[in-house]
Amino acid sequence: MDAKELIHKYNVPGPRYTSYPTVPFWKKNAFKPNEWLSEFKKAFILYPNSSIGLYIHLPFCESLCTFCGCHKRITKNHSVESPYIDALIEEWKLYLQHLPKEPVISELHFGGGTPTFFDPTELLRLLKGIFQVETMDPKQCDLSFEAHPNSTSKEHLQALFNFGFRRVSFGIQDYDPKVQQAIHRVQSFDEIKAVHEQSKHIGYTSINHDLVYGLPHQNVLGFEKTIDHTLLLKPERIALYGYAHVPWIKGTGQRGYDDKDLPKEHEKRALYEMACEKLIQHGYQAIGMDHFALPTDNLSRAFSSKKLHRNFMGYTTQTTKFLIGLGMSAISDCWTGFAQNEKTVEAYQAQIARGELAIFRGHVLTELELEIRSYILDIMCHFETSFRTDSRFIDTHEFIKSKLAPLVADGLVSIQDSTVTVTETGYPFVRNICMAFDLDLHHYHGNKPLFSATI
Ligand code: SF4
């Protein structure tokens, strides 16, 4: 089967596997905060030496980008900042009250929305509420934030750097003005260059650029210019995401253009392949499913030493069992369970004001799900996994091997004894390979795709 046929065959809706089970298959639609806390405490005792990651969702944006799939609130009214920061600090205190001991935070990420919507003084107030200190040692905690080039000031960059941040991620997507207009996110190369160079000058050691392929009006020639512009700035990391076109889930925000404006399946793949080839030629290492990093960056080192980890924040260099998500819609993970916060600002703040965590749904993993979770994590991070020989679920291993058989026949994976290895041909199909392990998916009989296309 040639590359085009493989793409056609495997371009089916599939999860991105930031968790297993994936969110649509979580069993607890009315997860009570005390149920979640008791699961979290149990895990905290089970894994006493694990530090935690902290994800803080800052949902406000001044204008809507029409390709956006994030949980956000569009507003130009900045009076929303202060009450939201108050709620985040209160939420953190609720966790501290219930945990048997104060957790060690090894990683913190501000995501959004647009974290740089907030005034630097509000962001610092939040950080002091979390850490109770004026600065953090960057060697003790990996601090990072997402930044919109249009709203990132020198004050933001300097204040967060002074606190201990060394990583910043800029949302670029594409430099082509026609594409930028279609997605309603206009930002020139000169503006991005200025904020990128300012970050370097201040001392940030790891700058990420998010690029997106599969957007309306993109073609190989235009996207190649975007890659060339990116290479001029040479960020340490690049995330190259496929645009997730799921208007049936995300509603009207994604309907600012017609389906006919989107590159077709093989054109979309050509965009990825061109970008991938070019980045590798220019010294980047391909990491996991959709990341690239210079060999000197920690992400590359973690990948090469098989220490790469994946959670709701995506790929990370910190292997923690716990992720606490603070803020509207944020997801927490205690390895044996997941929980998600209320998805509107009002519901989230109201629940915190009542003195309770704002959990509204979640899932507690069974023994089998925990095992499958570790296989999927291995495949996503290391392109390889081995079935446990001491497992109680040997029959399930056989079932998964039967689901992998067509992928073996197509040359995407090889199976040697109990070890499953993704071949180089299989790298772009890593989500499809994980789907063979996904027991929920094999029992799913709905008629509407829950996920965006894998390619
Ligand atoms: S892409 Fe980012 S800035 Fe744009 S609407 Fe979505 S969250 Fe806001």
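Computed from heavy atoms alone, side chains included, the values below leave out hydrogens, waters and symmetry copies. As the structure is a prediction and not an experimental result, all values here were calculated from the model. Atoms within each ligand, like the ligands themselves, are counted from 1 in listed order.
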- Task: Measure the distance from atom 4 (Fe) of ligand 1 to every protein heavy atom, then report the residue, atom name and distance (to 0.1 Å) of the closest one.
- Result: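 Nearest protein contact, heavy atoms only, for atom 4 (Fe) of ligand 1 is Cys65 SG, 2.3 Å.
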- Task: Using a strict cut-off of 4.0 Å, indicate which atoms of ligand 1 neighbour a heavy atom of Thr114.
- Result: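 Those atoms are 3 (S), 8 (Fe).
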- Numbered atoms and elements of ligand 1 in range of Cys68, under 4.0 angstrom, heavy atoms: 1 (S), 5 (S), 6 (Fe), 7 (S)
- Message: Tell me whether atom 6 (Fe) of ligand 1 has Cys61 as a neighbour, meaning an N, O or S atom of it below 2.8 Å.
- Response: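 So Cys61 does not count as coordinating atom 6 (Fe) of ligand 1.
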- Quick one: does Gly113 get a heavy atom under 4.0 Å from ligand 1? yes
- Task: Examine ligand 1 and decide if any of its atoms is less than 4.0 Å from a heavy atom belonging to Arg185.
- Result: yes
- Message: Classify the ring geometry of Phe165 against Phe110: parallel below 30°, tilted from 30° to 60°, perpendicular beyond 60°.
- Response: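 Tilted, since the angle between the ring planes falls between 30° and 60°.
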Please determine, by modelled atom types, if [X] and [Y] share a side-chain donor-acceptor pair under 3.5 angstrom.
X      : Y      : value
Ser188 : Asp190 : no
Ser206 : Asp297 : yes
Glu265 : His8   : yes
Thr205 : Glu236 : no

- Closer than 2.8 Å to atom 8 (Fe) of ligand 1, do we get an N, O or S atom from His148, backbone or side chain? no
- Message: Any salt bridge linking Glu90 with Lys93? Criterion: basic side-chain nitrogen under 4.0 Å from a carboxylate oxygen.
- Response: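 The answer is yes: the pair qualifies as a salt bridge.
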